[in-house]
Number of protein chains: 2
Amino acid sequence: MTKSSFSKPTESELQILQILWQDGPSPVRYVNDLINEKRDTDKKIVGYTTTLKLMQLMLEKGLVERDTTTRTHIYKALVDETTTQQNLVDKFIDTTFRGSAMKLVMQALGNHEASKEELDEIKKLIAKMEE
Amino acid sequence: MTKSSFSKPTESELQILQILWQDGPSPVRYVNDLINEKRDTDKKIVGYTTTLKLMQLMLEKGLVERDTTTRTHIYKALVDETTTQQNLVDKFIDTTFRGSAMKLVMQALGNHEASKEELDEIKKLIAKMEE
DNA sequence: GCAATTATACGATAAGTTTCGTACTTGTGC
DNA sequence: GCACAAGTACGAAACTTATCGTATAATTGC
């Protein structure tokens with residue numbers, strides 16, 4: 001997959017994908033409810049038809065598919081979570097860190113809490129990379 | 001700085017900021033030339049007035065300032081590179097990794113080449129975090 | 001059976017970003 | 001001095017994304 005052939009989901013689309021990845025195939029109502037529950041207090045409620053429209057557009061783009069055998073359509077993510085994350089990370093490194101993955105790692109590592117287990121996991125990965 | 005009070009630069013604005021951060025205060029012509037030199041082959045050339053307009057808008061937003069004592073105005077970044085990166089990383093972790101900084105670190109680390117020196121630097125940081 | 005509820009479809013609008021044409025101004029070369 | 005090159009200002013169009021109103025269809029409760 002080249003950089004240019006990867007179509008980046010918008011922030012709203014990504015938010016919906018996150019829910020579908022985490023909770024599995026879901027109806028619009030469920031997704032919309034979650035979005036509103038988790039929103040920052042200062043942001044206003046997203047209307048049901050807004051989420052519906054977004055998910056319909058995602059269907060056209062091939063980001064999701066849906067089961068229409070029941071009246072309440074069930075939407076399912078068609079793009080893979082890890083692959084999408086990887087694409088987004090690559091692009092992010094490019095635009096925000098001028099291509100330096102290690103600068104991103106240092107920045108993310110240095111500014112966020114990490115448990116002993118997480119640090120051990122990272123150390124293990126580094127050891128493997130040094131072989 | 002709270003999440004909501006941080007105004008995220010657009011991708012075009014970030015591209016311009018990167019140039020100003022890297023090369024220091026620069027005129028519009030210089031920035032526009034660099035953008036076009038570095039662009040992907042499939043993307044078309046960005047007109048001079050387009051870049052000019054973007055930088056004028058960035059001026060209004062307070063992202064840059066300019067020296068107008070000479071005819072050719074010199075633009076300078078007003079926002080700090082590291083601070084901006086930190087803000088963007090935080091937001092990115094939220095939207096793309098559901099808040100897990102460590103998942104981002106693992107992903108970025110595991111999928112990009114790293115020199116021995118870079119790995120050593122990361123190990124040093126981890127050691128410091130373990131104290 | 002039918003009123004009320006809940007779902008989808010879809011056009012229109014709003015809002016933000018990017019693009020550029022055109023007018024105007026300032027400096028340069030000869 | 002003046003034609004030409006190079007700069008800025010700015011309005012407006014083109015695109016993209018997000019939002020919602022309204023119409024319509026299916027389902028449910030009683």
Side-chain angles (χ1 to χ4, degrees), chain A residues 4 6-20 25-36 38-40 42-76 88 91 95-96, chain B residues 4 6-20 25-36 38-40 42-76 88 91 95-96:
Chain A
S4 46
F6 164 63
S7 128
K8 180 175 159 183
T10 67
E11 218 158 286
S12 298
E13 288 171 344
L14 190 57
Q15 192 183 16
I16 291 170
L17 284 174
Q18 293 286 8
I19 291 169
L20 297 181
S26 313
V28 176
R29 174 67 61 194
Y30 178 79
V31 171
N32 184 248
D33 285 351
L34 269 194
I35 287 173
N36 285 318
K38 293 180 180 169
R39 81 184 192 288
D40 292 341
D42 57 333
K43 280 198 291 189
K44 72 182 178 110
I45 285 183
V46 175
Y48 172 81
T49 54
T50 300
T51 302
L52 171 66
K53 181 74 165 190
L54 277 174
M55 294 177 77
Q56 287 171 341
L57 290 173
M58 291 171 75
L59 179 70
E60 281 180 23
K61 294 185 188 177
L63 292 174
V64 298
E65 65 180 1
R66 66 178 175 187
D67 179 350
T68 59
T69 54
T70 51
R71 181 165 90 103
T72 303
H73 299 176
I74 306 296
Y75 286 75
K76 179 185 163 193
L88 290 172
K91 195 175 198 76
T95 59
T96 306
Chain B
S4 45
F6 164 62
S7 129
K8 180 176 160 184
T10 68
E11 217 157 287
S12 299
E13 289 170 343
L14 189 56
Q15 192 184 15
I16 290 170
L17 285 174
Q18 293 287 6
I19 291 169
L20 297 181
S26 312
V28 176
R29 173 68 62 194
Y30 178 79
V31 171
N32 184 247
D33 285 350
L34 269 194
I35 287 173
N36 284 318
K38 293 182 180 169
R39 81 186 193 286
D40 292 341
D42 57 333
K43 279 198 290 189
K44 75 183 177 111
I45 285 182
V46 175
Y48 172 81
T49 54
T50 300
T51 303
L52 171 66
K53 181 73 163 190
L54 277 173
M55 293 176 77
Q56 286 172 341
L57 290 172
M58 289 169 75
L59 178 70
E60 281 180 22
K61 294 184 188 177
L63 293 173
V64 298
E65 64 180 2
R66 68 180 175 186
D67 179 349
T68 59
T69 53
T70 51
R71 182 165 89 103
T72 303
H73 300 177
I74 305 296
Y75 286 76
K76 178 184 165 192
L88 290 173
K91 195 175 198 74
T95 58
T96 306

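Here the structure is a predicted model, which means the values were calculated and not measured.
- Under a 3.5 Å cut-off, the side chain of Q18(B) and the backbone N or O of T96(A) do form a donor-acceptor pair.
- For dG7(D), the OP1/OP2 oxygens have no side-chain nitrogen or oxygen of R66(B) closer than 4.0 Å.
- Every residue two or more places apart in sequence or in another chain that forms a side-chain contact (heavy atoms from CB on, under 4.5 Å) with K76(B) is listed here: P25(B), E65(B).
- In plain terms, the two heavy atoms of I19(A) and Y30(A) that are nearest each other are CG2-CE2, 4.2 Å.
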Short N/O separations, protein against nucleotides 14-19 of chain D, under 3.5 angstrom:
| residue | atom | partner | partner atom | Å |
| --- | --- | --- | --- | --- |
| dA18(D) | OP1 | S12(A) | OG | 2.9 |
| dA18(D) | OP2 | T10(A) | OG1 | 3.0 |

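- For I16(B) and dT18(C), the CD1 to P distance is 9 Å, given to the nearest whole Å.
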Report all side-chain donor-acceptor pairs from residues 50-64 of chain B shorter than 3.5 Å, counting only partners two or more places apart or in another chain.
| residue | atom | partner | partner atom | Å |
| --- | --- | --- | --- | --- |
| T51(B) | OG1 | N32(B) | ND2 | 2.6 |
| K61(B) | NZ | E13(B) | OE2 | 2.6 |

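- What separates OH of Y48(B) from C1' of dG21(C) is a distance of 15 Å, to the nearest Å.
- Residue L52(B) contributes atom CG, which lies 14 Å from atom P of dG21(C) at whole-angstrom precision.
- Remark: side-chain polar atoms of D67(B) are paired, donor with acceptor, to backbone N or O of T69(B) under 3.5 angstrom.
- We find that CD of Q56(A) is positioned 14 Å from P of dA7(C), with the value rounded to whole Å.
- For K38(A), the side-chain contact (heavy atoms from CB on, under 4.5 Å) partners at least two apart in sequence or on another chain are Q22(A), L34(A).
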Taking N or O atoms only and anything under 3.5 Å, show me the protein contacts with nucleotides 24-30 of chain D, one pair per line.
none

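- Going from atom CD of E60(B) over to atom C1' of dG16(C) covers 14 Å, rounded to whole Å.
- What separates CG of L59(A) from P of dA9(C) is a distance of 9 Å, to the nearest Å.
- Of the inter-residue distances, the one linking K8(B) atom NZ with L88(B) atom CG reads 7.0 Å to the nearest 0.5 angstrom.
- Between the C1' atom of dA7(C) and the OH atom of Y30(A) lies a distance of 19 Å, rounded to the nearest Å.
- In this structure T68(A) satisfies the side-chain contact (heavy atoms from CB on, under 4.5 Å) test together with R66(A), H73(A), sequence neighbours excluded.
- Considering all non-hydrogen atoms of both residues, I35(A) and V46(A) come closest at CG2-CG2, 4.3 Å.
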